[in-house]
Amino acid sequence: MILIVAEKRSVAHAIAKFLGGGYKLEKIQGVAAYRFNYGGREAVALGLSGHLMDFDFAARQNVWTWIPPEELFASQPLIVYRPETMKYVKALRTLAARTHEVYLALDADVEGEAIAYEAALLVRLMNPRAKIYRVRFNAVTQREITNAFRNPTHINLRMVEKVFTRMQVDLTLGAVFTRFITLAVRHSLDRGQFLSYGPCQTPVLGIVVTRELQRRNFKPEKYYVVKALVEIDGHRIEMSADVRFKTRKEAEEAAATISRGVVKAAVYKPHHVNPPVPLETVELEKRASRWLGINSKRTLDIAEELYRGGYISYPRTETTIYPPTLDLREVLQELASGHLGYYADELMSRGFRPTRGDSDDRAHPPIYPTRGATKGEIAKTFGKLAPQAWAIYDFVVRHFLATLSPPAVVEKQKIVVSFGKLEMEAEGQIVVDEGYWRIYPWERQSSKPLPRVSPGEPARAVKVYVVERETEPPPQMTESELLALMKKYGIGTDATMQDHIHTNVRRGYMKITKGKCIPTDLGIALATSLFQFAPQLIEPTVRAKMEKALNSIVTDGTPPARLIYEIKKEFEEYYKALKARKEEIKKALETALNSSRNSQRG
DNA sequence: GCAAGGTC
């Protein structure tokens, strides 16, 4: 028998379908396995659920009050089975006992490599003489899979080492600093409550708090602008000067010079607004937060359910290019039975060309709808979440249709009038062609037309006035903006970014209200303490630096032990700096904890 | 009871 191990059930299923044609679904220790005939031999494809193993400290070290947190710097975390995936371990053991040939068909990324290694460890324990191969495919398609199995290779140990190093480093740093700040304020916490540090979650908090403090410390400044109602060829146009005056007096002096002028420029230029590129995870989360009022965690949870229900493709992807193997016309045909069927039909008869982004994770296609569903159907599956599930499904459908649609066309308009010293401007636009906005209302723009005038025409100011304005603080951080910043700084992965935001919410460090991230007193106190005494723990650039160091294991063969030693040494310094200020940190955190407790009680 | 990363 040949055993094939995949990262998730859907891939195991696809492999059985592509390599075997027909298959038989079996349950092994409660786990789905696909049995099929592979070139005359019996094969079984088993789908896992991510990692089988994890790291943890020894039991004695897991009683927080028994050892000082810094002792963990000197400890070696142990590799253990993850309790949640024991049934996959059992299924793998059962199958491994009956096979001599194993193909590790996990995703073609570093995590997949690590999971492959975990599976290989298990297989070896059961069956030391089994031949173990690694197969790599860049998409779950007939061609890629067939090719991969024709060219089996071996596990890349450096990739495995990178992942295992990251696991140990993150656990150690997370545990040391989580325990330190928790124990510092232990008596002010509720039962079961703790304060946490993590190399992703904490920089996320830092970003949000930094913005909030910028807003609080912002000193608005008054400034003055000159506006005028200008008559050109019988048309009256509201115009303004693109100059900020510091005082009213200066503005009024400038305004006094405005009476007769001449049109310096009159531009009416067509402009294409291109439809969005194919949908990736973080973009789905950003748009759902901004336009549908659904936060990123909820969005991914619902997308996962929609995927499992067969409504949309796999929701965790960084790809923004439709693979050539994806038959877009087939997808449109499927959508023809759904709520936007008329539009799908129209695209099919008129023809279409998909937009194209610039990223390909070489594992998953962009997110697209896989079924033309009705509201009633979704309502049945989702119960209380039905309105939000429908909103997300509808969005995925519309986004997909938009990527195949023509651009919208607007005429951009600009008139500039010269009044001697000062120039006045007006901008407007006319929607010429709605294009993809017809089914993508969130980006729709409206017409604000200007009259048609020509350069050289005389102009006359009918009314001139000075308007007082104030500079404004930066806006509150939106969740959508936060996701964009996390991506920019390399904090987390497409699949985990929403988790890191949510962790901050769960710990009481911030709230998300109407798409805005608002730090609590506790979040501000924690972030401020860290910025003051150990900024390296909270700066947004720390994660990318660590990621780069970890990558050197793969690219340069840096020995993991050396890297772990160096990172620990560095963070021990930050730990010492924090410990020296324990009393101040304790006071700041306790004040915040008490104030939030009082406000909760009203 | 700590993290981040897979996946459900």
Side-chain angles (χ1 to χ4, degrees), chain A residues 6-12 30-32 47-57 59 61-67 69-73 75 77 82 84-85 87-88 106-119 159-160 162-183 186 189-204 281 300-309 314-317 361 363-364 486 490-504 506-507 537 542-543 546-547 550 567 571:
Chain A
E7 193 155 321
K8 45 190 164 276
R9 181 179 172 162
S10 62
V11 174
V31 178
L48 305 178
S49 178
H51 283 282
L52 295 167
M53 297 175 186
D54 200 355
F55 283 87
D56 196 4
F57 291 107
Q61 296 177 312
N62 271 338
V63 184
W64 294 16
T65 46
W66 281 7
I67 59 161
E70 61 264 41
E71 194 183 301
L72 298 179
F73 278 129
S75 312
R82 295 179 59 230
E84 313 92 282
T85 46
K87 67 172 182 177
Y88 297 92
L106 293 108
D107 289 357
D109 51 29
V110 287
E111 295 297 331
E113 213 65 21
I115 300 168
Y117 183 83
E118 293 163 19
M159 289 167 90
V160 178
K162 178 199 163 171
V163 173
F164 282 13
T165 304
R166 193 211 66 233
M167 286 167 125
Q168 295 176 66
V169 165
D170 284 347
L171 173 66
T172 305
L173 303 184
V176 167
F177 291 101
T178 295
R179 292 182 190 189
F180 171 77
I181 51 181
T182 298
L183 294 176
R186 161 157 69 127
L189 296 173
D190 294 333
R191 243 183 95 85
Q193 187 188 7
F194 58 90
L195 304 184
S196 61
Y197 157 84
C200 286
Q201 58 173 272
T202 302
V204 167
T281 307
L300 194 53
D301 285 350
I302 288 175
E304 178 74 40
E305 280 303 309
L306 287 169
Y307 158 68
R308 292 215 288 159
Y314 190 67
R316 288 182 280 266
T317 171
D361 66 13
H364 307 287
M486 290 172 73
I491 302 173
T493 68
D494 59 327
T496 60
M497 282 184 191
Q498 41 82 31
D499 264 340
H500 302 313
I501 297 175
H502 186 68
T503 299
N504 279 288
R506 254 184 11 245
R507 300 276 192 271
L537 294 183
V542 289
R543 188 53 174 181
M546 198 184 287
E547 185 68 27
L550 289 167
I567 294 175
F571 279 77

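Chain letters run A, B, ... following the sequence lines, proteins first, then strands; residues in each count from 1. Here the structure is a predicted model, which is why all the values come from computation and not from measurement.
Residues Val176(A) and Glu304(A) both approach DNA chain B. Their nearest nucleotides, taken by heavy-atom distance, put Val176(A) toward the 5′ side. Each of Gln193(A) and Gly492(A) was assigned the nucleotide of DNA chain B with the nearest heavy atom; the assignment lying further toward the 5' end belongs to Gln193(A).
Counting non-hydrogen atoms under 4.0 angstrom, Gly50(A) reaches a base of the nucleic acid. At the heavy-atom level, Thr178(A) lies under 4.0 Å from the strands shown only through sugar-phosphate atoms. When heavy atoms are screened at a 4.0 angstrom cut-off, Asn62(A) is found touching base atoms of the nucleic acid. Heavy atoms of Glu305(A) sit nowhere under 4.0 angstrom from any nucleic acid atom. Among the atoms of the strands shown, none is found under 4.0 Å from any heavy atom of Arg186(A). Asp56(A) comes within 4.0 angstrom of a nucleotide base, judged by non-hydrogen atoms across all strands.
Atom-to-atom, CG of Leu537(A) to P of dA3(B) comes out at 14 Å; the value is rounded to the nearest Å. Atoms CE (Met486(A)) and C1' (dA4(B)) sit 11 Å apart, rounded to a whole Å. Across the protein-nucleic acid pair, Tyr197(A) atom OH and dG1(B) atom C1' stand 18 Å apart, rounded to whole Å. What separates CD of Glu7(A) from C1' of dT7(B) is a distance of 8 Å, to the nearest Å. Between Ile491(A) atom CD1 and dG5(B) atom P there is a gap of 10 Å when expressed in whole angstrom units. Taking atom CD1 on Ile115(A) and atom P on dA4(B), their separation rounds to 18 Å, with Å as the unit. As rounded to whole Å, 16 Å separates atom P of dG5(B) from atom NE2 of His502(A).
Residues in residues 174-183 of chain A take part in these side chain to side chain donor-acceptor pair (under 3.5 Å) pairs, two or more places apart or across chains: Asn62(A)-Arg179(A).
OP1 or OP2 of dG5(B) lies within a sub-4.0 Å distance of a side-chain N or O belonging to Thr496(A). Between His500(A) and the phosphate of dA3(B), there is no side-chain N or O to OP1/OP2 separation shorter than 4.0 Å. A close approach under 4.0 Å does not occur between any side-chain nitrogen or oxygen of Arg507(A) and OP1 or OP2 of dG1(B). Between Arg316(A) and dT7(B) there is a side-chain polar atom (N or O) within less than 4.0 angstrom of OP1 or OP2. Taking side-chain N and O atoms only, Ser196(A) has a distance below 4.0 Å to OP1 or OP2 of dA3(B). Listed pair Tyr88(A) / dC8(B) fails the phosphate criterion, with no side-chain N or O lying under 4.0 Å from OP1 or OP2.
With respect to Arg316(A) and Glu304(A), a salt bridge is recorded, a charged nitrogen being found less than 4.0 Å from a carboxylate O. Of the charged side-chain nitrogens involved, none lies within less than 4.0 Å of a carboxylate oxygen, so that Asp499(A) and Arg506(A) do not count as a salt-bridged pair.
A donor-acceptor contact under 3.5 angstrom links the side-chain atoms of Arg179(A) to the base of dC2(B). Scanning atom types as modelled, one donor and one acceptor separated by under 3.5 angstrom connect the side chain of Asp54(A) and the base of dA3(B).
The salt bridge (charged side-chain N to carboxylate O under 4.0 Å, His left out) test applied to Asp494(A) returns no partner, not counting sequence neighbours.
With ring centers used as reference points, Phe164(A) lies under 6.0 Å from Phe55(A).
Remark: the Arg507(A) side chain and the Ser196(A) side chain contain an N/O donor-acceptor pair separated by less than 3.5 Å.
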